[in-house]
Amino acid sequence: VVETCIQATPIKIKDFRSSGDAGAELIFYGRVRESEGGETISGLEYEHYEEMASLQLQSLAVKTAKQFKLKTLYCVHRVGYIPIGDASLYIHIFSKHRRASLEAMEWFIAEIKKEVPIWKWGVKTDGSKFPSKSK
Amino acid sequence: MTVKIKLFSHLKYKLNAEYIFIDLSDQATVADLKSKVREIGSSRIEGIPYRVAIDSKFVEDSVKIHPEDIVALIPPVQGG
């Protein structure tokens with residue numbers, strides 16, 4: 001099962017029923033920190049190129065699941081304004097053994113940060129925005 | 001032909017525009033487009049790396065551009 005989604009609403013954990021063959025389950029949340037590039041912020045604004053980001057994310061997920069022989073890869077990326085502490089990224093993986101899940105998670109996140117057209121803007125407490133320089 | 005080009009992140013911020021419009025010859029390639037972008041952006045976008053996407057796919061410099069193409073300049077992405 002490979003499913004991806006880019007949404008502007010808060011991320012909720014998905015209640016998966018593990019198949020009998022999956023011995024490893026791995027969940028990752030990426031969350032917004034309280035500062036960006038040394039600036040205190042109220043949150044991040046995630047900009048995305050909607051059509052391309054959806055295609056790239058799904059394509060990467062399919063490639064990752066195949067490469068690491070995953071049973072399930074479910075990924076949600078939130079966009080728009082996200083306050084400090086909220087999740088911007090949620091990834092849920094099932095595999096037969098733990099090594100595949102751990103390696104797939106690292107690889108998949110690294111690829112998202114290279115190939116999926118999503119960008120961060122810091123939002124200051126006065127509401128002004130600046131493009132992030134971080135990766 | 002005139003091509004409408006979508007901008008994001010630092011390029012959008014520095015050029016203060018969601019889109020730019022660029023006149024190109026009918027045989028123009030992505031390399032020609034980049035050259036024009038350098039002329040238009042001059043010092044404002046100097047040093048900002050980007051890749052070009054056409055119809056939601058990254059393309060190489062040798063690819064020809066057509067009037068109906070949806071073109072976007074993609075600075076380094078920051079998802080996650």
Side-chain angles (χ1 to χ4, degrees), chain A residues 4-7 11 28-33 36-37 44-61 75-80 82 87-91 105-123 128-135, chain B residues 2-22 29-31 33-34 36-38 40-80:
Chain A
T4 61
C5 174
I6 296 175
Q7 64 185 42
I11 293 171
F28 173 84
Y29 279 108
R31 294 191 183 273
V32 175
R33 290 187 297 264
E36 185 68 23
L44 289 174
E45 177 92 24
Y46 279 80
E47 175 187 25
H48 72 309
Y49 181 10
E50 188 173 354
E51 300 84 355
M52 186 173 176
S54 298
L55 289 172
Q56 291 285 100
L57 185 60
Q58 179 66 20
S59 169
L60 264 183
C75 173
V76 180
H77 203 305
R78 186 175 168 190
V79 292
I82 307 178
S88 55
L89 180 65
Y90 163 51
I91 302 169
M105 185 69 84
E106 180 65 34
W107 192 85
F108 184 54
I109 294 170
E111 288 297 306
I112 288 174
K113 289 176 174 291
K114 283 193 287 187
E115 300 297 333
V116 182
I118 295 176
W119 299 270
K120 294 188 280 195
W121 294 68
V123 181
S128 60
K129 295 194 297 182
F130 60 95
S132 169
K133 289 182 179 170
S134 69
K135 289 208 167 184
Chain B
T2 301
V3 181
K4 182 182 178 181
I5 298 162
K6 193 159 175 55
L7 305 174
F8 296 96
S9 186
H10 288 271
L11 293 171
K12 180 163 80 174
Y13 184 70
K14 293 288 186 182
L15 294 175
N16 195 27
E18 298 257 343
Y19 295 94
I20 53 173
F21 292 85
I22 290 183
T29 63
V30 169
L33 168 71
K34 286 180 172 177
K36 284 276 188 179
V37 169
R38 269 195 298 277
I40 292 169
S42 63
S43 60
R44 287 178 293 171
I45 60 168
E46 200 176 330
I48 302 176
Y50 64 85
R51 286 184 282 177
V52 175
I54 294 179
D55 296 339
S56 297
K57 288 181 182 158
F58 290 117
V59 292
E60 300 297 326
D61 284 0
S62 58
V63 169
K64 272 182 66 176
I65 296 174
H66 303 95
E68 68 277 14
D69 286 344
I70 298 170
V71 183
L73 306 187
I74 311 288
V77 303
Q78 304 166 309

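Within every chain, numbering begins at 1; the chains are lettered A, B, ... in the order of the sequence lines, protein sequences first and strands thereafter.
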Partners meeting side chain to side chain donor-acceptor pair (under 3.5 Å) with Ser54(A) (sequence neighbours left out): none

Please list, one pair per line, the donor and acceptor atoms closer than 3.5 Å that link side chains of residues 111-118 of chain A to other protein atoms, with sequence neighbours excluded.
| residue | atom | partner | partner atom | Å |
| --- | --- | --- | --- | --- |
| Glu111(A) | OE2 | Lys114(A) | NZ | 3.0 |
| Lys113(A) | NZ | Gly79(B) | O | 2.9 |
| Glu115(A) | OE1 | Arg51(B) | NH1 | 3.4 |

With a cut-off of 3.5 Å and sequence neighbours excluded, list every side-chain donor-acceptor pair involving residues 60-73 of chain B.
| residue | atom | partner | partner atom | Å |
| --- | --- | --- | --- | --- |
| Asp61(B) | OD1 | Lys34(B) | NZ | 2.7 |
| Lys64(B) | NZ | Gln27(B) | OE1 | 3.0 |
| Asp69(B) | OD2 | His66(B) | N | 2.7 |

Ignoring hydrogens and angles, tell me if any N or O in the side chain of Glu47(A) forms a donor-acceptor pair with the backbone of Phe8(B) under 3.5 Å. no

Measuring from Ser9(B):OG to Lys133(A):NZ, what's the distance to the nearest 0.5 Å? 11.0 Å

Less than 4.5 Å to any heavy atom of chain B: does that hold for the side chain of Leu55(A), its backbone, both, or neither? side chain

Are Val77(B) and Gln56(A) close enough that some pair of their side-chain heavy atoms sits under 4.5 Å apart? no

Do Phe58(B) and Met52(A) touch side chain to side chain, with heavy atoms closer than 4.5 Å? yes

Heavy atoms from other residues, nucleotides or ligands near CD of Glu106(A) exceed 12 (cutoff 6.0 Å): no

All heavy atoms of Trp119(A) vs all of Pro75(B), minimum pair found to be NE1-O, 3.2 Å

Heavy-atom distance under 4.5 Å to chain B: side chain of Phe28(A), backbone, both or neither? neither

Part of residues 10-21 of chain B lying next to chain A, heavy-atom separation under 4.5 Å: His10(B), Lys12(B), Tyr13(B)

More than 12 heavy atoms from other groups under 6.0 Å of CZ on Arg33(A): no

Heavy-atom pairs under 4.5 Å with chain B, option from Ala87(A), Ser132(A), Ser88(A), Ala53(A) with the top count: Ser132(A)

